[in-house]
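Remarks on the structure that follows.
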Amino acid sequence: MSPQEHYLRTHLQPLILREYAGLLKPEHLVFQQTRKDFSGDITLVLFGPAKRLSMNPLAFGERTRIFLGTLSFEGQPLVESSEIVQGFLNISLSAHFWMHAHQEGSRPTPNISGKKLLVEFASPNTNKPLHLGHIRNILLGMAVSRLSEEAGDEVVRVQVINDRGIHICKSMLAWEKFGQGETPQSSGLKGDHLVGKYYVRFDVEWRRQTEERKDGGMDARTAKDHAPILLEAQQMLRDWEVGVPGVRALWQSMNGWVYSGFDQTHQRLGSFFDRNYYESETYVLGRDQVLDGLARGVFERDPDGSVWANLTGAGLDRKVLLRSDGTSVYITQDIGTAIERQKEWNTDEMTYVVGNEQDYHFKVLFLVLQRLGYEWASRCHHLSYGMVDLPSGRMKSREGTVVDADDLMDEMVAAARDKSEFSEKLMELSEGDKTILFNQVGMAALKYFILKVDPQKRMVFHPEESIDLQGHTGPFIQYAHARACAVLRKAESIGIGASVLATAALPSDIKLTERELMRQLSGYRESIFASHTHKNPSLLCQYAYDLAGLYNRFYHDCPILTPETTDESRLFRLYLSQEAARVLKRSLFVLGIEAPDRM
RNA sequence: GAUCCCGUAGCUCAAUGGAUAGAGCAACUGCCUUCUAAGCAGUAGGUUACUGGUUCGACCCCAGUCGGGAUCGCCA
């Protein structure tokens with residue numbers, strides 16, 4: 001809740017108790033920011049309360065309006081003006097109040113919540129490099145983590161790396177057959193890309209064999225499912241499982257290449273983990289829990305020996321948990337991992353950042369955990385996000401339309417460089433500093449592009465057009481910040497530094513833009529809170545964009561260091577610049593975006 | 001077939017059940033000899049897929065229809 005709303009609610013309480021006791025409660029009041037076309041800061045919607053009181057909205061509004069007129073804030077009238085328009089009470093609060101409110105609301109909650117959350121994200125396979133889909137996942141995971149931290153929680157970041165299975169065997173086999181000993185060192189290829197190359201190579205060979213056999217008269221299904229290279233890969237998986245030393249050694253070295261590649265990508269993205277889980281270690285987990293559940297009658301066993309959870313009562317299907325041969329399936333492992341992790345970290349909440357194609361899987365998983373009697377299952381949350389599509393539809397590795405994460409970052413950074421490499425403003429920067437800057441700007445464009453969209457929704461990425469550095473973008477917000485920094489630098493150079501700014505006070509007269517800037521600043525904490533509770537970074541994106549836009553307008557409307565500006569206004573405007581810069585930088589930080597001082 | 005998600009300007013996206021549905025891109029018009037023009041100001045662009053319903057009020061909630069996507073494996 002914003003400071004202004006909180007203040008009004010609190011101070012309207014006496015009126016409510018006195019006049020409307022029993023009929024109206026403070027929570028029945030609905031406030032919203034006043035729309036642009038009307039004058040006012042905050043608006044009380046009159047319809048709801050009026051209805052509860054069986055009153056005319058106008059009458060209720062007028063009585064409230066008069067009461068508000070009697071309120072004071074630190075010895076001065078709280079309300080500057082107010083008017084009722086069509087069932088809305090528009091209230092302008094005093095500049096004096098805004099001076100207080102923006103300081104109050106623009107800082108994160110000071111106290112630690114004591115809550116510990118676990119966020120699982122990224123969770124790649126080790127047979128190919130990361131792509132745009134992973135980027136969305138990772139950025140969401142990092143952003144919700146930071147949001148939680150900003151809201152006062154402790155966060156544990158983890159990922160589960162799918163390092164075993166037929167997919168990695170395919171890469172390994174193809175490398176053995178066609179690789180001629182190629183390594184990242186020998187070829188200069190990034191490790192994950194090298195392994196991905198052999199995954200593709202496998203597929204090419206597999207298709208070749210399939211076609212060859214189809215031409216030989218075999219039916220398509222058999223040709224594909226019994227192609228020699230696939231059989232070899234399956235044999236390799238069996239060898240891996242029993243621990244054949246050669247296979248294990250190759251597996252370790254190829255996975256090692258992939259991890260060093262992933263590390264580079266994560267470093268550029270600014271993502272990190274407190275703990276990695278490897279499926280090669282966790283895939284055996286969960287079996288015991290399932291058997292235990294079976295013994296307790298939570299699950300049922302079919303005649304063929306397979307074990308099932310019957311979820312039909314909850315509107316879902318029956319779900320197999322153990323195969324008839326007693327081995328685990330995917331969800332078995334997830335059950336085991338969740339339980340293990342809860343033991344290890346004892347968190348208050350677990351969030352899984354996973355694409356919405358697994359919505360059903362997580363419904364089942366949480367329900368099964370609940371049936372097993374784990375009360376914390378109700379605090380598990382699937383942060384489901386939509387796919388990133390291309391204009392042509394879904395990315396398909398078969399058709400080579402997958403947007404590679406590293407390539408994409410390179411392109412964004414190159415676009416940032418193209419835009420301003422020869423800009424006069426950056427003349428004094430060294431080449432090294434420019435490189436850092438263009439990285440910051442390019443990555444900001446990419447991250448903001450992803451994060452500004454509601455996670456739940458599918459989004460479309462245009463390879464050419466989406467590389468945008470103007471308008472509703474990350475660089476726009478960075479730019480507002482850099483602008484403010486430039487003013488502050490200049491001020492400092494003429495002797496108005498931070499210590500002087502600390503003495504800034506409200507001038508006798510302020511412009512609308514200055515007031516709006518204070519109002520926007522006052523909404524920071526509320527924005528963090530909303531983004532955090534809804535696990536939706538796009539809300540914070542919108543907030544930061546609005547703040548940046550407002551600062552740009554302020555910058556345009558309110559000259560600061562010019563002679564005609566009075567001393568008190570100059571000081572105040574510098575102070576507002578400092579505050580805007582601070583909150584912009586903080587917002588960007590939570591979103592995982594850097595805020596350069598000049599650009 | 002069943003279930004879930006989505007459908008808003010030419011394009012990409014906003015809008016706790018509240019006022020005349022907002023931004024950006026693309027198009028067009030202005031604004032740099034003055035603190036950063038990656039900016040500011042403006043023009044144009046809409047039957048919120050469609051049909052009903054709920055109510056003081058619906059892009060939002062409910063029912064149905066149409067379109068797009070996903071899931072429903074002893075795959076992961």
Side-chain angles (χ1 to χ4, degrees), chain A residues 30-32 34-38 43 45-48 50-51 57 85-88 90 125 162 165-167 279 283 302 304-308 315-317 319-331 333-334 355-361 363-364 384 386-387 389 391 393-394 416 419-420 423-426 441 445 449 452-454 456-462 465-466 468-480 482-491 530 534 538-539 541-542 545-546 548-549 552-553 555-563 565 573-574 577 598-599:
Chain A
V30 174
F31 289 93
Q32 62 190 58
T34 306
R35 292 184 65 103
K36 268 189 214 148
D37 339 276
F38 302 92
T43 293
V45 182
L46 302 172
F47 299 105
K51 190 169 184 182
V85 184
Q86 296 175 22
F88 298 88
N90 298 331
N125 291 353
N162 186 1
I166 191 73
H167 61 88
E279 288 198 358
Y283 81 110
D302 272 12
D304 65 5
S306 55
V307 178
W308 296 76
L316 305 176
D317 293 327
K319 177 75 187 178
V320 70
L321 302 177
L322 287 178
R323 296 190 185 99
S324 50
D325 66 5
T327 56
S328 296
V329 291
Y330 180 62
I331 197 166
Q333 168 193 172
D334 260 3
N356 61 11
E357 57 208 344
Q358 293 198 38
D359 285 355
Y360 184 77
H361 170 78
K363 262 187 202 165
V364 171
S384 164
M387 299 291 103
D389 289 330
R394 208 174 171 170
K419 180 160 179 61
S420 52
S423 159
E424 280 183 33
K425 289 182 283 186
L426 305 178
V441 173
F449 174 80
K452 76 172 176 184
V453 180
D454 184 338
Q456 185 183 228
K457 296 197 176 177
R458 281 173 54 199
M459 59 184 295
V460 179
F461 177 80
H462 288 80
E465 302 162 37
S466 293
D468 212 334
L469 307 171
Q470 284 174 22
H472 192 180
T473 65
F476 176 93
I477 300 168
Q478 288 180 316
Y479 183 73
R483 252 184 166 174
C485 287
V487 179
L488 293 168
R489 260 197 311 274
K490 183 152 183 182
H534 295 108
S538 77
L539 302 175
C541 285
Q542 191 62 47
Y545 176 67
D546 290 341
N552 279 332
R553 216 166 80 214
Y555 182 89
H556 183 266
D557 293 351
C558 304
I560 301 172
L561 296 170
T562 51
T565 303
R573 287 171 184 177
L574 284 170
S577 296
R598 62 186 83 211
M599 62 187 283

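Both backbone and side-chain heavy atoms feed into the values below; hydrogens, waters and symmetry mates do not. Numbered from 1 within each chain, the chains take letters A, B, ... in sequence-line order.
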Work out how far the P atom of B:rU47 is from that of B:rG57, and round it to whole angstrom.
24 Å
Do A:N90 side-chain and B:rA19 base share a donor-acceptor contact under 3.5 Å?
yes
Looking at residues at least two apart in the chain, or sitting in another chain, which of them share a ring-ring contact (aromatic ring centres under 6.0 Å, His included) with A:Y330?
A:H361
Mind checking if A:V45 touches a base, just sugar-phosphate, or nothing, with heavy atoms under 4.0 Å?
base
Which part of the nucleic acid, if any, lies within reach of A:D389 when heavy atoms closer than 4.0 Å are counted: base, sugar-phosphate only, or nothing?
nothing
Mind running a 4.0 Å heavy-atom check of residues 319-327 of chain A against RNA chain B and sending the residues that fall below it, in number order?
A:V320, A:R323, A:S324
Return the nearest nucleotide to the side chain of A:Y360; candidates are B:rG69, B:rU71, B:rC6.
B:rU71
With respect to the side chain of A:V30, which nucleotide from B:rA19, B:rU16, B:rA76 is positioned closest?
B:rU16
Euclidean distance for C1', B:rA27 against B:rA19 (whole angstrom):
31 Å
Partner set under side-chain hydrogen bond (donor to acceptor under 3.5 Å, both in side chains) for A:N125, not counting sequence neighbours
A:N162
Touch class at under 4.0 angstrom, heavy-atom based, for A:H167 against every strand present:
nothing
Between B:rA23 and B:rG67, how far apart are the two P atoms, rounded to whole Å?
34 Å
Looking only at side-chain N and O atoms, does A:Q456 come under 4.0 Å of OP1 or OP2 in B:rC6?
yes
Tell me whether B:rC60 sits syn or anti, counting syn as a glycosidic angle within 90° of 0.
anti
If we count only N and O atoms by modelled type, under 3.5 Å, do the side chains of A:S384 and A:D359 hold a donor and an acceptor together?
yes
A correct 5'-to-3' footprint of nucleotides 33-45 of chain B, with B, S and - meaning base, sugar-phosphate only and no protein heavy atom under 4.0 Å, is --BBSBSSS----
NA contact type, A:F47, heavy-atom cut-off 4.0 Å: base, sugar-phosphate, or nothing?
base
With sequence neighbours excluded, what pairs up with A:Y360 under the ring-ring contact (aromatic ring centres under 6.0 Å, His included) test?
none
For A:Y283, which contact category applies under a 4.0 Å heavy-atom criterion: base, sugar-phosphate, or nothing?
nothing
Secondary-structure notation, RNA chain B, from Watson-Crick and G-U pairs under 3.5 angstrom (| other strand):
(((((((..((((....[...)))).(((((.......))))).....(((((..]....))))))))))))....
In whole Å, measure the gap between the P atoms of B:rA9 and B:rC50 for me.
10 Å
Looking across every strand, which nucleic acid part, if any, lies under 4.0 Å from A:D546 by heavy atom: base, sugar-phosphate, or nothing?
nothing
Taking any heavy-atom pair under 4.0 Å as a contact, classify A:S423: base, sugar-phosphate, or nothing.
nothing
Contact class for A:Q478 vs. all strands (heavy atom < 4.0 Å): base, sugar-phosphate, or nothing?
nothing
